[in-house]
Asker: 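If you scroll down you'll find the structure; I have some questions about it.
Just so you know, these numbers come straight off a predicted model, no measurement behind them. Letters A, B, ... are given to chains in the order of the sequence lines, protein chains preceding strands, and every chain is numbered from 1. Computed over heavy atoms, backbone and side chain alike; hydrogens, waters and symmetry mates excluded.
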Amino acid sequence: MQRDKFFKEINNLTHPNEKLIKTHCSYCGMQCGMNLRVNTATNKIIGVEPRYDWPVTVGKMCPKGVTAYQQTNHKDRLLKPLIRDDASLKGTKEGFREASWEEVYDLIAVKFQQLQAEYGKDSLSVFSGVSMTNEKCYLTGKFARVALGTRYIDYNGRFCMSSAAGGFLRSFGVDRGSTLPWTDIHETDCLFIAGSNTSECHPTSMFRVWSVQERGGYLIVADPRETPLARRADVHLDLKPGTDLALANGILHLLIEQGYADQAFIRQHTNGFEETKELVKAFTPDYTSELTGVSVEKIIRAAEIYGKAPNAIVMFARGIEQQHKGVDNVSAYVNLALVTGKIGRPKAGVATFTGQGNGQGGREHGQKADLLPGYRKITNPKHVEEVCEVWGITPEEMPQAGVSAYEMFELMEQKTIRGLYLLCSNPAVSAPHLNFVRRALKNLDFMVCADFYLSESAEFADVILPSVTWSEDEGTVTNLEGRIIKINKAQEPIGESKPDWQMQVELAERLGKGKYFSHLQTAKDVAEEFRRASKGGYADYYGATWDKIDKQDGVFWPCKDETDTGTPHMFLDKKFYHEDGRAKICALPYRPPAEEPDETYPLRLTTGRVVYHYLSGNQTRRIPFLHDMCPEPYVEVHPETASQYHIEHEERVRLFTRRGESVYRVKITEAIRKDTVFVPYHFGHEQSINLLTIDALDPISRMPEFKACAAQIEKLEQKKVQ
Amino acid sequence: MKKRLYLELENCIGCRSCLAACTQCGGHEERNRNYVYDVNPLVNRQTMPLMCLHCVNPACARSCPAQAIQVHETGAVLSALVEKCIGCQNCTVACPYGIPKFDTEQNLMYKCDLCIDRTKDGIPPMCASVCPSSTLQWLTDEEIDEKKKQYHLDNGKWVSSMPHLEGETNVKINLPGILQGVTKLF
């Protein structure tokens with residue numbers, strides 16, 4: 001495997017009575033390499049040691065990674081199955097009693113069968129997540145379709161990666177999050193990073209980002225906030241939240257006008273250029289500036305730098321994707337690379353920063369409402385046949401496509417969906433418009449939640465199944481590069497906890513579907529079936545055996561057979577995955593955010609992460625160091641805006657939208673637009689900013705618009721001093 | 001080959017991974033011994049770490065009436081010996097950077113020992129191992145000389161430890177402004 005300039009031969013520190021288990025972090029899509037320190041007398045995980053020889057991150061970790069091991073033997077771990085008999089206590093932590101696995105399996109089987117007998121197969125649903133191995137993601141899809149026989153399965157990637165997936169599919173005909181390996185990043189000449197607070201959300205990319213500038217390369221950042229990344233950018237495009245499409249169209253217009261378009265590449269390898277060229281003509285620097293709030297000079301400078309750069313990489317994240325035009329935003333940024341021909345070779349391409357650990361692999365293998373393993377479509381009869389052969393069912397038995405994550409809550413509200421099996425996700429914090437979502441969860445007749453801590457969503461469950469942390473099971477994960485890597489088991493599951501795949505196999509047996517599941521006795525068994533199920537799909541993992549992953553430091557998909565070493569760079573032959581082999585340059589008319597500021601709600605609210613927390617915070621809020629560093633949410637306000645409202649740093653204020661309200665501590669900073677406020681989303685109950693966010697969905701990806709809605713601030717009544 | 005801790009302050013992104021990692025070092029009793037500051041929090045997000053610079057002639061050790069602070073053969077200025085420390089806090093006052101911390105319960109000083117159980121064998125300290133932004137690096141003197149050549153101000157001086165610091169240090173620092181001397185590619 002390639003070793004770049006950051007790689008150094010370093011021995012690990014080893015202690016007596018300890019062994020090191022090499023694995024990866026449990027959190028984001030970087031999947032930083034790490035060694036877990038295991039005490040050989042107690043066989044318990046006791047710490048972390050850098051994994052200097054992992055080529056992507058060479059030992060580096062963010063504070064979440066350094067403390068990730070503290071999850072495993074944490075005092076809050078769920079050690080036994082729990083049942084709550086009193087449904088009136090739903091939405092609270094109260095009323096749970098310990099039960100045996102026998103009792104909970106029996107109860108779930110009876111309840112699920114009753115609901116399906118009375119209301120039909122599709123009265124059940126599965127809501128899943130992608131912070132788990134490919135094997136678990138794969139089996140969850142099979143569990144929903146074969147064991148439960150329901151069409152309603154979807155997952156939290158709808159709040160994370162679905163817009164990137166939709167955009168890549170439309171532009172390239174294939175959805176691999178990065179067209180090149182991360183080890184190319186520091187060697188490019190220009191990084192154009194849009195809607196990514198890389199410094200907090202993917203910190204271990206930063207040594208490569210800074211290295212571009214140290215070599216004399218350029219950094220362009222589009223973000224409403226001056227993040228630590230934007231602070232050092234050569235050009236910071238400080239746009240209004242929700243106006244990314246206008247900015248990308250404006251840059252594209254300048255690239256074409258200034259002669260940076262690669263006509264030969266456009267002619268030979270793309271469709272749609274002329275139409276797009278016409279559409280973006282309207283996006284003059286003046287018009288783009290008017291829509292986005294970014295100065296004309298900055299727009300011109302950014303286009304000039306990107307256009308001139310011999311090699312450049314366009315990168316983006318949830319900032320552009322979590323919008324009701326997220327798919328269009330992605331295609332609009334991909335346009336920059338296609339029109340200038342800066343793609344399909346090393347050091348030039350396009351990448352999204354995958355948010356969840358297995359955000360890439362988890363969306364490819366059948367947890368999405370309309371997808372089957374290997375990125376096959378459930379609406380394509382040939383694809384269905386191929387998967388049926390592996391699963392041993394007939395095409396008639398395969399359920400139809402379901403609906404997206406947020407739309408499942410609408411069906412729960414309407415009582416179309418009456419039962420829920422929730423795993424690996426915490427939508428009571430992470431979904432938008434939470435007043436509605438929490439009501440929908442409460443409205444369920446029967447809810448099962450598998451988790452290793454009692455999450456805010458588990459508070460709505462009738463049955464809680466104790467699952468294991470990432471360190472107590474093994475399997476593969478696909479990182480943000482599209483590299484399939486191996487998670488290794490460092491410790492036996494604590495208490496009576498079990499891996500999700502095992503629960504699903506045992507539950508399938510209770511539901512009379514054992515013949516489709518009983519042969520899966522180990523994670524490796526699931527892996528072998530999963531590789532076969534992906535074979536022939538375009539996300540083909542068949543050749544990515546655990547041995548090969550170990551020998552090669554990971555395998556980039558597609559990897560079709562035993563001799564295939566995988567595909568680190570996509571499109572080197574300039575062949576894209578649409579039928580005619582061409583990529584699509586997309587003409588994308590601008591649409592403003594679904595909810596624009598007005599007199600009553602004059603501010604733009606945007607949300608995001610902090611470096612100390614991951615997703616809904618169910619894991620990281622329990623880790624002492626991370627909690628100490630960021631114990632509660634806050635609202636970032638520009639000092640000029642603060643003075644208009646007569647509010648001060650550290651003061652608590654009421655922040656509200658048409659959907660909800662909450663009280664936050666004010667953090668005054670000049671590093672944000674005057675018309676914009678920001679709140680991190682990792683917090684539960686009344687602190688959740690998603691009480692305020694809008695449920696406007698992208699028409700293609702069904703991604704909610706977390707990144708822009710209209711809000712207002714109100715000063716709290718001062719309590720009189722006694 | 002001897003390596004040193006090298007700080008490039010301009011790179012800091014404020015993630016405080018160095019503090020989390022410090023707690024993981026075997027001899028550190030899960031307490032971090034360094035600092036990360038918000039330089040101007042109401043204005044921007046610039047941050048910088050403040051690490052022990054392991055002075056060649058350390059004021060902390062000189063000021064210690066109990067001779068509790070030893071200098072290791074590698075140059076690392078160690079944490080006070082528990083059996084000798086009298087809890088007077090002279091070291092904290094004497095240090096030009098306020099590095100030594102004080103445990104009021106145990107009445108003992110504790111400070112960065114450069115992860116001596118690692119660095120004595122040439123393994124980088126935990127903070128530099130994990131630092132995701134290349135703010136903390138573990139470099140040979142040759143590599144540091146290269147940095148000197150690469151980064152210089154308009155006045156020809158390296159933006160570095162001397163003459164800004166109190167005395168010669170084993171840890172080398174590059175103050176904010178490293179990109180000033182960089183020639184753009186195009």
Side-chain angles (χ1 to χ4, degrees), chain A residues 6 8 10-13 15 32 37 47-50 52 57 59-67 69 189-190 198-200 202-207 209-211 213-218 225-232 234 305 308-310 611-612 625-626 629 639 649 667-671, chain B residues 3 8 10-26 30 32 36 38-47 115 117-140 143 147 150-151 176 178-179 181-186:
Chain A
F6 296 104
K8 287 176 181 173
I10 298 171
N11 294 322
N12 279 114
L13 179 68
H15 299 273
C32 301
R37 291 167 53 198
V48 68
E49 169 71 19
Y52 299 106
T57 50
K60 296 173 185 310
M61 287 179 271
C62 81
K64 296 185 292 291
V66 170
T67 54
Y69 77 91
D189 308 313
C190 169
T198 316
S199 38
E200 294 204 63
H202 299 85
T204 48
S205 293
M206 288 306 295
F207 65 98
V209 173
W210 286 163
S211 179
Q213 282 188 313
E214 283 164 20
R215 283 177 35 249
Y218 289 86
R225 302 193 301 147
E226 193 195 72
T227 59
L229 174 77
R231 192 178 74 79
R232 241 179 78 171
D234 294 274
I305 292 171
K308 275 188 185 166
V611 68
Y612 307 110
F625 181 85
L626 303 175
M629 289 292 145
H649 190 58
K667 196 169 171 181
I668 288 185
T669 175
E670 287 177 27
Chain B
K3 292 193 176 188
E8 218 154 70
E10 182 76 18
N11 285 347
C12 184
I13 55 174
C15 71
R16 291 168 173 80
S17 209
C18 49
L19 301 188
C22 190
T23 66
Q24 295 305 307
C25 188
E30 298 188 11
N32 71 64
V36 175
D38 295 317
V39 176
N40 202 350
L42 299 183
V43 175
N44 63 29
R45 293 178 217 274
Q46 186 182 356
T47 51
C115 294
D117 59 341
R118 305 175 73 85
T119 52
K120 71 177 166 51
D121 298 323
I123 305 172
M126 282 300 284
C127 55
S129 295
V130 303
C131 175
S133 64
S134 297
T135 304
L136 309 175
Q137 303 181 35
W138 185 245
L139 301 179
T140 62
E143 287 168 318
K147 297 272 184 189
Q150 190 182 352
Y151 303 127
I178 52 165
L179 294 177
V182 173
T183 313
K184 283 290 186 187
L185 289 172
F186 56 90

Asker: Looking only at heavy atoms and a cut-off of under 4.5 Å, which of B:Gly14, B:Pro124, B:Ala21 has the most pairs with chain A?
Answerer: B:Pro124
Asker: Quick check on the interface: out of A:Val209, A:Leu13, A:Val611, who has the most heavy-atom pairs with chain B under 4.5 Å?
Answerer: A:Leu13
Asker: Run the side chain to side chain donor-acceptor pair (under 3.5 Å) test on A:Glu214 and A:Ser211 for me, step by step, so that the C-alpha distance in whole Å, both residues' side-chain angles and the decisive distance to 0.1 Å come before the verdict.
Answerer: CA-CA 5 Å; A:Glu214 283 164 20; A:Ser211 179; 4.9 Å; no
Asker: So A:Lys8 and B:Lys3, do their side chains get closer than 4.5 Å, heavy atoms only?
Answerer: yes
Asker: Which region of B:Asn32, side chain (C-beta onward) or backbone (N, CA, C, O), has a non-hydrogen atom less than 4.5 Å from a non-hydrogen atom of chain A, or is it both or neither?
Answerer: side chain
Asker: Counting heavy-atom pairs under 4.5 Å with chain B, which one of A:Gly217, A:Gly65, A:Gly47 comes out on top?
Answerer: A:Gly217
Asker: Which atoms of B:Thr183 come close to chain A, meaning under 4.5 Å heavy atom to heavy atom: side chain ones, backbone ones, both, or neither?
Answerer: backbone
Asker: Check whether B:Cys131 gets within reach of chain A through its side chain, its backbone, both or neither, counting any heavy atom under 4.5 Å.
Answerer: backbone
Asker: Can a cation-pi geometry be assigned to B:Lys184 and A:Tyr218, taking NZ or CZ under 6.0 Å from the six-membered ring centre and within 45° of the ring axis?
Answerer: yes
Asker: Counting N and O atoms only, with roles assigned by atom type, does the side chain of A:Trp210 sit under 3.5 Å from a partner on the main chain of B:Asn11, one being a donor and the other an acceptor?
Answerer: yes
Asker: Measure across B:Ser129 and B:Arg118 and return the closest heavy-atom pair with its distance rounded to 0.1 Å.
Answerer: OG-NH2, 4.2 Å
Asker: Please identify, among A:Ile668, A:Thr204, A:Asp189, A:Val66, the residue contributing the most non-hydrogen atom pairs under 4.5 Å to chain B.
Answerer: A:Val66
Asker: May I ask you to name which of A:Arg232, A:Gln213, A:Glu49, A:Arg225 has the most heavy-atom pairs under 4.5 Å with chain B?
Answerer: A:Arg232
Asker: Chain B: which of A:His15, A:Lys64, A:Glu226, A:Met629 shares the most heavy-atom pairs with it under 4.5 Å?
Answerer: A:Glu226
Asker: Sort A:Ala309 into side chain, backbone, both or neither according to what part of it lies under 4.5 angstrom from a heavy atom of chain B.
Answerer: both
Asker: Any sub-3.5 Å donor-acceptor pair from B:Asp121's side-chain atoms to B:Ile123's backbone N or O?
Answerer: no
Asker: For the pair A:Asn12 (side chain) and A:Pro50 (backbone), establish whether a donor and an acceptor sit closer than 3.5 Å, ignoring hydrogens and angles.
Answerer: yes
Asker: Out of B:Thr47, B:Leu19, B:Ile13, B:Asp117, return the one with the most heavy atom pairs under 4.5 angstrom to chain A.
Answerer: B:Ile13
Asker: What part of A:Arg37 lies closer than 4.5 angstrom to a heavy atom of chain B: side chain, backbone, both or neither?
Answerer: side chain
Asker: Using atom types as modelled and distance alone, determine if a side-chain donor or acceptor of A:Ser199 lies under 3.5 Å from a backbone N or O of A:Leu229.
Answerer: yes
Asker: Chain B: which of A:Cys32, A:Pro203, A:Gly216 shares the most heavy-atom pairs with it under 4.5 Å?
Answerer: A:Gly216
Asker: What distance separates B:Arg16 CZ from A:Tyr612 OH, expressed to the nearest 0.5 Å?
Answerer: 4.0 Å
